[in-house]
Protein chains: 2
Amino acid sequence: MSITIKDIAEKAGVSITTVSKIINKKDDDISDKTRNKVLKVIDEYNYIPSALATGLVTKKTNTIGLLLPDISNAFFAELARGVEDGANCEGYNVILCNTDDDPEKENQYLSVLKSKHVDGIVFLSTALSNHGEIRELNSKGFPVIVLDRAFDDEDILAVFIDNVMGGYLATKHLTEFGHEAIGCITGPLKPKLAIQRLEGYKKALKEAHIDFNEELIYEGNFKTKSGELGAKKLLKAGATAIFASNDMMAYGVYKAVHDEGLSIPYDISVVGFDDIFLSEILSPPLTSVKQPTYEMGIISAAMLIKKIKNEELKQLRVEYKPTLSVRKSVAFPADKV
Amino acid sequence: MSITIKDIAEKAGVSITTVSKIINKKDDDISDKTRNKVLKVIDEYNYIPSALATGLVTKKTNTIGLLLPDISNAFFAELARGVEDGANCEGYNVILCNTDDDPEKENQYLSVLKSKHVDGIVFLSTALSNHGEIRELNSKGFPVIVLDRAFDDEDILAVFIDNVMGGYLATKHLTEFGHEAIGCITGPLKPKLAIQRLEGYKKALKEAHIDFNEELIYEGNFKTKSGELGAKKLLKAGATAIFASNDMMAYGVYKAVHDEGLSIPYDISVVGFDDIFLSEILSPPLTSVKQPTYEMGIISAAMLIKKIKNEELKQLRVEYKPTLSVRKSVAFPADKV
DNA sequence: TTGTACGCGTTATCAA
DNA sequence: TTGATAACGCGTACAA
C-alpha cells in the first residue's frame with residue numbers, strides 16, 4: 001500500500017543503503033548527482049519513512065509521554081502546552097494521558113507508554129502514591145521528569161516552584177494591608193505542595209506577629225466548590241481576608257462572598273495562587289501568586305530531552321520562584337478605614 | 001536490554017509462535033498446561049510486547065492524532081479531555097498537537113503523524129485554510145474526523161453544533177425580555193462558525209419584528225479585548241443588551257460595562273456563548289449558550305475509532321443542539337421597568 | 001561511491 | 001497441539 005524505502009531505491013535505480021543515508025543526512029560520501037536523483041524521487045512519490053520501522057532498529061521513537069491529572073484543568077493545560085512546545089521544537093511528539101490522579105490509571109498508562117517505547121516521560125500528579133513506578137523507571141536509567149512537585153529523591157529530574165515562598169508572598173501582602181484575621185483555604189494536606197503553601201502562610205503571620213489560629217484554616221481540595229465552602233466557614237470565623245491556595249478555590253470564594261451580598265475587596269480581601277489568565281478577568285481582578293507555568297512546561301521538556309540524548313544537565317532539579325500579581329482584590333480591612 | 005518474545009519462548013521452553021498466540025488470545029488450540037506455563041514466565045519477567053514491532057506487521061498502532069489550535073484554551077482543553085477519554089476507553093492513545101491555526105504547523109504535524117502511522121486523526125481548526133490535506137487523507141480512506149466545525153464535504157466525518165440555533169437562543173432570550181436594541185459582537189466573519197451565530201441572531205430579531213441594524217454589529221476576534229472594544233461601541237450606539245459570540249468576549253463586555261460605571265443586568269443585559277465554567281462564577285453569573293463540549297470530544301473519538309475498525313457508522317455527521325444556561329446577566333431593559 | 005545482507009520484535013501462514 | 005519461517009520497513013556493518 002504505502003511506499004517504502006525499497007520502492008524509492010528501485011525507482012531511483014540505487015540501493016536501499018544509498019537512500020537511507022541520504023534521508024539521515026549521512027551522505028558525505030554520496031555524489032551530488034545521486035543525491036539529487038534520489039531526493040527527486042522521494043519528493044515525487046511523497047515518501048515518508050516509517051517511524052515504526054526506524055524505531056525498531058534505532059530504539060528511538062521521538063515520542064514522550066505526558067501524564068497529568070486532567071487536561072481540562074487550566075493550570076495543567078498551560079503546563080501541557082509548554083511541554084508540547086518544548087518537545088515539538090526538539091522534534092518530539094507528546095502522548096497525552098489523563099490520570100485523574102488514579103494510581104491504577106497511572107500504571108496502565110505507564111505500561112502502554114513502555115510498550116510504545118516512548119523515549120521519556122513527564123510526570124505530574126497531585127496525589128502521593130505511586131512514586132514507586134517512577135522511581136523504578138528512573139533507577140533503571142529510563143528518562144523521567146517530575147513536574148510541579150519535588151520528589152524527595154534528589155536523583156530524579158524535577159521542575160517545581162518554591163511553594164513556601166508563594167504562600168508567604170500571598171499572606172505577607174495581606175498583613176501589609178493591615179489584615180490580622182487572615183483565613184487560609186488549603187489544598188489536601190497530605191501531599192507536600194499544600195503543606196508548603198500553608199507553611200508560607202504561617203511564616204508571614206509570624207513575621208507580622210500574628211498568632212496562628214486553627215479556626216482560620218480550612219482544608220479544601222483545590223476545586224471551586226471547596227473554596228466556596230471554605231469561604232463561608234471563614235467568613236463566620238471572622239476573617240477579613242482569605243488566602244486561597246489556588247485560583248480555582250479563590251473563584252469559589254468570590255462566589256460565596258457575592259452570595260452573602262458582600263463585596264470584594266471592601267468587605268473581604270482575597271489572594272489566590274496560580275494566576276490563571278481568567279483571574280485577570282474577574283471583577284475585581286484577582287491578586288494571585290504567579291508561577292511561570294508555561295515556562296516550566298517548556299523547560300521540563302527540554303531537560304527530559306537532554307537526558308534522553310545523554311547530554312549534560314546543569315542541574316537535576318530546578319526550582320522557580322513565584323511572584324505576586326497584584327490586582328484589585330485586596331484592600332485595607334473595613335475596621336481600619 | 002529489554003526482554004523480548006524470544007526470551008519468553010526460551011525460558012518457557014516453547015516456540016515464539018506459541019507465546020504470540022497466547023498473548024493475542026488466539027490460543028484455542030493451546031493446552032492449558034502450556035498456556036499457564038507461558039503466562040507465568042511472562043508475568044515473572046514482566047514482559048510487555050513492543051508495540052513498534054507489532055505495529056510494523058499489523059499496520060495498527062492504536063494511536064490517534066489530535067490536532068487543535070491551542071490546548072491552553074479552556075474550550076479546546078475540554079474537547080481534548082473528551083477525545084482522550086473516548087480514545088483511552090477503546091485502548092487508543094492520543095498524540096497532542098498544538099497548531100496555533102497555522103497551516104504550516106498543521107502540515108508538519110500531519111506529516112509526522114503519518115510517519116508514526118497513527119490510525120486516525122481528530123482535526124480541529126478555526127481557520128479556513130488547509131482543508132485540502134484533510135480532504136486528501138479522507139479520500140484516500142484514511143480515518144479522519146473534523147470536530148467543532150462542519151466541512152461542506154458530506155463524506156467527511158464531523159461533529160459540531162448548530163451555531164445558528166445557538167445565536168437564535170441567545171438573542172431570543174433577550175427579545176423575550178423586551179430588548180430591542182440588541183448589540184451583537186461576532187467572531188471573525190470569514191469562517192462559517194461566526195457567520196452562523198450571527199444568522200441565528202438575525203433570525204431571532206426577525207421573529208420579534210425588530211429591524212436589523214448594522215450599527216449594532218461589531219466584528220470581534222473571540223478574544224476578551226475585542227469584547228471590551230465592542231461593548232464600548234455598542235453602548236454608544238444605544239444597545240440595551242449585548243449578545244457576545246463567545247464567553248471570552250462576554251468577559252470583555254463585563255469589563256467595559258464596569259469601567260463605564262454601569263451595572264449588569266440593570267443597565268445592560270449580556271448573553272455569552274460556550275458556557276465556560278468561569279461564567280458561573282462571574283458576578284452576575286453569565287447567561288450563556290452551552291455546548292456539550294466534553295461529550296462532543298468523546299463521541300468524535302468513538303466515531304473515529306469505529307471508522308478505523310471499519311465498523312458501521314449510523315451517521316457521518318452528528319450535529320448537537322446547544323441549550324441556554326440561564327443565569328443572572330439578563331434583565332428587563334431599564335426603560336421598560 | 002554504492003550494494004549485500006543481517007537484525008530489530010512481532011504476526012501469520014503453513015506444515016508437522 | 002505446536003513450531004519453522006517469511007514477511008513488515010528500516011539502519012548499518014562490511015564488502016565491493
Side-chain angles (χ1 to χ4, degrees), chain A residues 1-39 41-42 45-63 91 111-119, chain B residues 1-39 41-42 45-63 91 111-119:
Chain A
M1 193 68 186
S2 78
I3 180 142
T4 77
I5 195 173
K6 200 173 148 195
D7 300 323
I8 299 298
E10 271 174 22
K11 309 283 182 191
V14 299
S15 76
I16 292 181
T17 311
T18 307
V19 178
S20 176
K21 278 183 176 173
I22 292 172
I23 290 169
N24 299 302
K25 306 279 178 217
K26 298 186 177 173
D27 51 359
D28 312 335
D29 58 354
I30 306 269
S31 71
D32 283 0
K33 199 180 138 202
T34 340
R35 182 186 305 110
N36 290 332
K37 189 171 57 184
V38 172
L39 251 21
V41 177
I42 287 180
Y45 287 84
N46 218 302
Y47 166 66
I48 302 178
S50 161
L52 291 181
T54 305
L56 198 52
V57 18
T58 61
K59 308 285 183 196
K60 291 287 168 212
T61 54
N62 288 293
T63 304
S111 178
V112 296
L113 290 179
K114 275 185 220 167
S115 84
K116 294 195 176 171
H117 288 262
V118 294
D119 297 332
Chain B
M1 194 67 186
S2 78
I3 180 139
T4 76
I5 195 173
K6 199 172 148 196
D7 302 321
I8 299 298
E10 271 174 23
K11 309 283 182 192
V14 298
S15 76
I16 292 181
T17 311
T18 306
V19 179
S20 175
K21 278 183 177 171
I22 292 173
I23 291 170
N24 298 302
K25 307 278 176 217
K26 299 186 177 172
D27 51 358
D28 312 334
D29 56 356
I30 306 272
S31 72
D32 283 359
K33 198 180 138 203
T34 351
R35 183 187 304 113
N36 290 333
K37 189 171 57 182
V38 172
L39 251 20
V41 178
I42 287 180
Y45 287 84
N46 217 302
Y47 166 66
I48 302 176
S50 160
L52 291 181
T54 306
L56 195 54
V57 21
T58 62
K59 309 284 184 198
K60 293 285 168 214
T61 53
N62 288 294
T63 304
S111 179
V112 296
L113 290 178
K114 275 186 220 166
S115 83
K116 295 195 177 172
H117 288 264
V118 295
D119 296 332

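With sequence neighbours excluded, the residues that form a side chain to side chain contact (heavy atoms under 4.5 Å, CB included) with A/Ser20 are A/Ile5, A/Asn24. Partners of B/Lys21 by side-chain hydrogen bond (donor to acceptor under 3.5 Å, both in side chains), not counting sequence neighbours, listed by chain and number: B/Asp29. For B/Asn62, there are no side-chain hydrogen bond (donor to acceptor under 3.5 Å, both in side chains) partners two or more places apart in sequence or in a different chain. Partners of B/Thr34 by side-chain hydrogen bond (donor to acceptor under 3.5 Å, both in side chains), not counting sequence neighbours, listed by chain and number: B/Ser31. Residues satisfying the side-chain hydrogen bond (donor to acceptor under 3.5 Å, both in side chains) test with B/Asp32, not counting sequence neighbours, are B/Arg35. Applying the side chain to side chain contact (heavy atoms under 4.5 Å, CB included) criterion to A/Ser111, with sequence neighbours excluded, gives B/Ile48. With sequence neighbours excluded, the residues that form a side chain to side chain contact (heavy atoms under 4.5 Å, CB included) with A/Thr54 are A/Thr58.
Using a 4.5 Å heavy-atom cutoff, the side chains of A/Lys37 and A/Val14 are in contact.
Straight-line distance from the NE2 atom of B/His117 to the P atom of C/dT10: 18 Å, rounded to whole Å. Atoms CD (A/Glu10) and C1' (C/dG3) sit 14 Å apart, rounded to a whole Å. Per the geometry, CG belonging to A/Leu56 stands 9 Å off P belonging to C/dT10, to the nearest Å. Look at CG on A/Asp28: it is 14 Å from C1' on C/dT2, rounded to the nearest Å. Following rounding to the nearest Å, A/Ile8 (CD1) and D/dG9 (P) show an atom-to-atom distance of 13 Å. The separation between B/Asp27 atom CG and D/dT2 atom P is 10 Å, rounded to whole Å. In this structure, A/Ile22 atom CD1 and D/dT12 atom P are separated by 15 Å, rounded to whole Å.
Between A/Thr4 and D/dC8 there is no side-chain polar atom (N or O) within less than 4.0 angstrom of OP1 or OP2. For B/Ser15 and D/dG3, the shortest distance from a side-chain N or O to OP1 or OP2 is below 4.0 Å.
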Notebook entry, point to check: Nucleotide by nucleotide, 5' to 3', does protein get under 4.0 Å of the base (B), only the sugar-phosphate (S), or neither (-) in nucleotides 11-16 of chain C, counting heavy atoms?
Noted result: BBB---

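No side-chain donor-acceptor contact under 3.5 Å links A/Thr61 to the backbone of A/Gly55.
Applying the salt bridge (charged side-chain N to carboxylate O under 4.0 Å, His left out) definition to pairs two or more places apart or across chains, none involves residues 3-18 of chain B.
Comparing B/Gly13 and B/Lys59 along DNA chain D, the residue whose closest nucleotide (by nearest heavy atom) sits nearer the 5' end is B/Gly13.
When the local axes at the two ends of the helix from C/dT1-D/dA16 to C/dA16-D/dT1 are compared, using 5 base pairs at each end, they differ in direction by 40° after rounding to 10°.
Of the candidates B/Leu113, B/Asp119, B/Val118, B/Val118 is the only one forming a side chain to side chain contact (heavy atoms under 4.5 Å, CB included) with B/Thr63.
Near DNA chain C, meaning a heavy atom under 4.0 Å away, the residues from residues 29-37 of chain A are A/Asp29, A/Ile30, A/Ser31, A/Thr34.
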